Amino acid sequence: MTAMQDWITSVDKRPQDRTARDIEAITSKMRALDILARLPNNVLQQLAACVYYEDLEKGVTLFRQGDKGCNWYAILSGSLDVRVKQENSAKGVQQVSIRRLSTGSVFGGDSIVLGVVRDSTVVTQESCELLRVESHDFTSVWQRNKEVLGDLVTSATAARLKNGYETPPPGGGTPQHRKSFAAASPAESPVPACSSQQQPLSEVSKQNGSRAGWVLHTLLQLKAPGLLRERKSSTGRVLRRCAAGTDLVEWLMTIGVHSRQQATAMWQVLLEEGVISHVSRDQPFKDKFLLYRFWQDDENGASVAPTEADEAQAQAELKDALAYLTQKAPDAMMRLILRKPTHERTSDDLETIYEELLHIKALSHLSNSVKRELAAVIIFESHQKAGTVLFHQGDEGHSWYIILKGSVNVVIHGKGVVTTLQEGDDFGKLALINDAPRSATIVLRENNCHFLRVDKDNFNRILRDVEANTVRLKEHGRDVLVLEKISPATNAFSHFKYTVMAGTPQKMLEHLLETRLDGRIGQTREEGPSDPFLDDFLLTHIVFMPTHQLVTELARHYRIDSPSQDREFLVACKRRVVHFVHRWVSTIRHPVFEEPSAFAFLEELSGEVSDDNARWEMEDENAKMTQVMDELAQWSATQSVSQKWKLPPGGQPISAFGSDTQRDLRMRPQDDIIFRVYCADHTYCTLRFPLSSNAETVKVSAADKLGLKHDDLILVEVKSSGERVVFKDSDVSVPTALSLNGRIFVSPKEHLEALTCLPDQETPTEGSVGDLELFSTKELAYHMTLFDWSLFCAVHEYELIYHTFGRHHFQKITSNLDVFLRRFNEIQFWVVTEICLTSSVSRRVQLVRKFIKLAA
Ligand SMILES: Nc1ncnc2c1ncn2[C@@H]1O[C@@H]2COP(=O)(O)O[C@H]2[C@H]1O
């Protein structure tokens, strides 16, 4: 059964016979009407449970003025005429048409909820399909859901019911007092809803608007009979009863409007409310030779010539009508100006826009000169339907938006709605500033939302360099990313304008993948100048995002799979992950492979990439993963070969044991080191342990070998100064962590104070000046640098992190850094010792000279 048949079958059933499926079918149909689509689902279901379907011929009277209100209606298709009785001394009582109701409108609710008689007669103008709810059902739904059902009665009634008075008083409000220049909420409309410039903004004309329209239409016909007349269009088509924009403006000025601009804006109010329209409905109101007509005069209209009584009535209401239009005019004028192509804006237009921009929150941090520049390029945009997607995550960014009216949801793939942005908020600048894809999808949260928009070129020209210093991204009310502008002086190396100052690890990774890694085929951001954020993240993530967490997130980003996302987006996500992994492995090298979680992830990922290559054309990525896997294989091969190191007994430098041809100067966790552990009586044992062994293991083994039986033993370093430093049981790479000329002791805790230096820890008594003189300074410098350089190269960046944040947190060795620091101290002590041990002043001078030269 088709959806159409489904819903008809369901609505044809008696309400008490309808099943949950029937209600769902009817609810879906009702959602096609904008005004109903805004209602919460449960309220819509309550209406769907009691609604009836009517298919009526042209000319059927639904109810008459003075009747009791028995039904509420919604128009699925067709149009209806609203008529009121009017006394006319010559012709007696006459029916006058005051309004047209068309598809999407609702009516009949007022008299039910207010308990008054019908104030007009409603007749079908053509075949109509209607939804009908009986008054007792409507009352019961209304009673339960008053707060959200305001739109189902006229807005005036809703306001009266909510606040006890009608909104807003005619003539009230000046531009300065306006909150925003948004349109009033919709009521009924004779034209279809549309976001284009030329159509009415609101779907519906308000009662006040149609009343003002009736007043002007009546007076125009009586006082300027020739103005509304038949004219020919440029294509030769005969157009009924229309008038030129310029004539309409001039006529309004004859009845008391003081300026052309004001009169233009007042006609625009009527156009936005559907009372008048351009003959081909493709123009806003302009003070030009463009033709407009009243809705009563359109092709199907049946306008009735006004009577004297009409004239008297219209004259009586004229003041109110003008006051209403005057009140609405500034906002309409603003929208009119903002919809003009930018090259058509006059200097007055620019001034008007500029003044309005002064009140917008999202622009408050900008200077007035920037706002003036913006006035020339900012564009108005409106969208009618909740659910409309302004752009998708992953899209290229073309515009920056400010919300004037309504709200939007920020939706992120895999997370859903992360935040809602309201009137005054802005969005969409990240993609423009960082030249990155959209980081989120933006969906309208309600009907009839209004935006100001600045396109990318203008944004980059005017705003890119003056944007706010800090951008905060929120998810579920919590800051998840704080971006800060990079000062241009320090930003010569990067095209990024913002860098990450703080954030949750997950959001930082997400931001990195989206902005720093390109997902397009054959593109890598690595080629150009890049900012340090990616490297900073790779080099420090172990502090805030352990590797097992990082690989879980990477796997999530790679495996993103959703039928609702297009192929290009999905492939881009996968590519970015592979590019990230490649960069990670080439920057961090072996520590990546040493993590079992990363090792397993890389193996799985390479399998998935190779499978996906067949499906998604990921040649480049496959090649990158092959490279990563080659490096992993090489690393695995070196794992079986372990090296031996020794900590010589006399305090000499730590060196490789038994191999002069040793190539790899890097100390690895599994490498063994041979060292001595002393007792208080200076007897010792020699031990051999992997560098990754902890102090406790060393202590227990030394105690065994030295025959110490005690529960409360400690492992201590005794420095040559006599200072004693106790090792924690969890400390690793103990032998390399010794200070220069320090020795390891094991002893009962209570004997700590009794531990003394070994004799060979005492300062040397003879210098090596004689030897030093044998070498030229250049030669010395060359060999010392070679040696230092090889030690420096063996230090991994992570060792600095382990050292700074505490080795015990990571359970990782810092042996290479230890050895490098030892060497630094050694040179320093050596220089001081040599100088002090040279007794002859002249030789000492020479020596100092040599050292100065060496340092230079
Ligand atoms: N938590 C968030 N994560 C991502 N984008 C957000 C968030 N909050 C607001 N946004 C906005 O949503 C916009 C999506 O497009 P852009 O990436 O250009 O700019 C983004 C931000 O302006």
Side-chain angles (χ1 to χ4, degrees), residues 360-366 378 381 383 388-404 406-445 449 451-460 462-464 466-485 495-520 525 533 553 556-557 560 565-566 568-569 572-573 576:
I360 293 178
K361 182 177 102 184
L363 305 179
S364 56
H365 64 288
L366 300 175
I378 210 156
E381 184 171 309
H383 293 274
T388 303
V389 174
L390 283 190
F391 52 74
H392 284 103
Q393 185 177 357
D395 285 354
E396 196 185 330
H398 295 296
S399 303
W400 173 54
Y401 296 83
I402 299 166
I403 307 176
L404 280 182
S407 55
V408 299
N409 281 332
V410 179
V411 184
I412 294 185
H413 196 87
K415 292 186 183 171
V417 177
V418 294
T419 193
T420 295
L421 303 174
Q422 315 276 358
E423 188 173 312
D425 291 337
D426 67 306
F427 57 88
K429 65 180 159 209
L430 288 184
L432 307 187
I433 292 174
N434 282 332
D435 202 15
R438 293 292 193 193
S439 61
T441 298
I442 300 290
V443 188
L444 256 61
R445 206 170 142 258
C449 292
F451 303 93
L452 287 180
R453 183 164 67 78
V454 177
D455 70 27
K456 185 175 178 173
D457 290 346
N458 288 317
F459 180 90
N460 284 338
I462 304 170
L463 287 165
R464 194 177 157 127
V466 293
E467 255 314 307
N469 281 332
T470 313
V471 175
R472 284 172 186 275
L473 297 186
K474 285 186 186 300
E475 287 182 10
H476 310 296
R478 180 169 86 98
D479 281 346
V480 288
L481 199 64
V482 182
L483 304 172
E484 203 166 275
K485 201 154 128 199
H495 71 276
F496 295 107
K497 291 283 165 184
Y498 283 92
T499 194
V500 173
M501 293 311 292
T504 61
Q506 289 83 352
K507 188 70 189 176
M508 284 199 278
L509 177 64
E510 187 179 295
H511 181 75
L512 256 181
L513 289 171
E514 278 168 3
T515 58
R516 275 24 178 207
L517 296 146
D518 210 312
R520 289 169 294 171
R525 295 216 167 197
F533 178 48
E553 283 296 309
R556 189 174 69 77
H557 283 281
I560 186 171
Q565 287 294 342
D566 62 5
E568 214 176 308
F569 176 80
C573 293
R576 288 194 191 107

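Just so we're clear, the structure is a prediction, and the values are computed from it rather than from any experiment. Counting starts at 1 for both ligands and their atoms, following the listed order. Residues: numbered from 1 along the sequence shown. Excluded from the calculations below are hydrogen atoms, water molecules and symmetry mates; all remaining heavy atoms, backbone and side chain alike, are included.
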Nearest-contact summary for [atom] - protein heavy atom, Å:
atom                    : result
atom 1 (N) of ligand 1  : Lys474 O, 2.7 Å
atom 12 (O) of ligand 1 : Ile442 CD1, 3.7 Å
atom 3 (N) of ligand 1  : Lys507 NZ, 3.0 Å
atom 4 (C) of ligand 1  : Ser439 OG, 3.4 Å
atom 22 (O) of ligand 1 : Gly428 N, 2.9 Å
atom 11 (C) of ligand 1 : Phe427 CB, 4.1 Å

When you check the side-chain N and O atoms of Glu396 and His398, is any donor under 3.5 Å from an acceptor? no
Verify whether one side chain among Asp455 and Ser399 offers a donor that lies under 3.5 Å from an acceptor in the other.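 Per modelled atom types, Asp455 and Ser399 side chains form no pair under 3.5 Å.
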Evaluating non-hydrogen atoms only, which member of Val410, Val418, Asn409 is closest to atom 6 (C) of ligand 1? Val410
With heavy-atom distances below 4.0 Å as the criterion, list the atoms of ligand 1 near [X].
X      : value
Phe391 : 14 (C), 15 (O)
Glu475 : 1 (N)
Ile412 : 3 (N), 4 (C)

Ile360 vs Leu404, test: side chain to side chain contact (heavy atoms under 4.5 Å, CB included). Steps then yes/no. CA-CA 8 Å; Ile360 293 178; Leu404 280 182; 4.1 Å; yes
Out of Glu475, Arg472, Lys474, which one pairs with Val480 under the side chain to side chain contact (heavy atoms under 4.5 Å, CB included) rule? Glu475
Judging by distance only, is a nitrogen or oxygen of [X] under 3.5 angstrom from one on ligand 1?
X      : answer
Asp426 : no
Thr419 : no
Ala431 : yes

Using a 4.5 Å cut-off on heavy atoms from C-beta on, say whether the side chain of Trp400 contacts that of Ile433. no
May I ask whether Trp400 places a heavy atom under 4.0 Å from ligand 1?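 It does not, in that no heavy atom of Trp400 comes within the 4.0 Å cut-off of ligand 1.
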Can you tell me if [X] uses its side chain to pair, donor with acceptor, with the backbone of [Y] under 3.5 Å?
X      : Y      : result
Arg438 : Ala431 : no
Gln393 : His413 : yes
Arg576 : Leu517 : yes

From CG (Leu463) to CG (Leu432), nearest 0.5 Å: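 Going from the CG atom of Leu463 to the CG atom of Leu432 covers 9.5 Å.
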Counting heavy atoms only, which part of Gln393 comes closer than 4.0 Å to ligand 1: side chain, backbone, both or neither?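 Neither; no heavy atom under 4.0 Å.
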Please work out, at 4.0 Å between heavy atoms, whether the side chain, the backbone, both, or neither of Leu430 comes within that distance of ligand 1. both
Specify whether Phe427 and Tyr401 have parallel, tilted or perpendicular ring planes, treating 30° as the upper limit for parallel and 60° as the lower limit for perpendicular. parallel
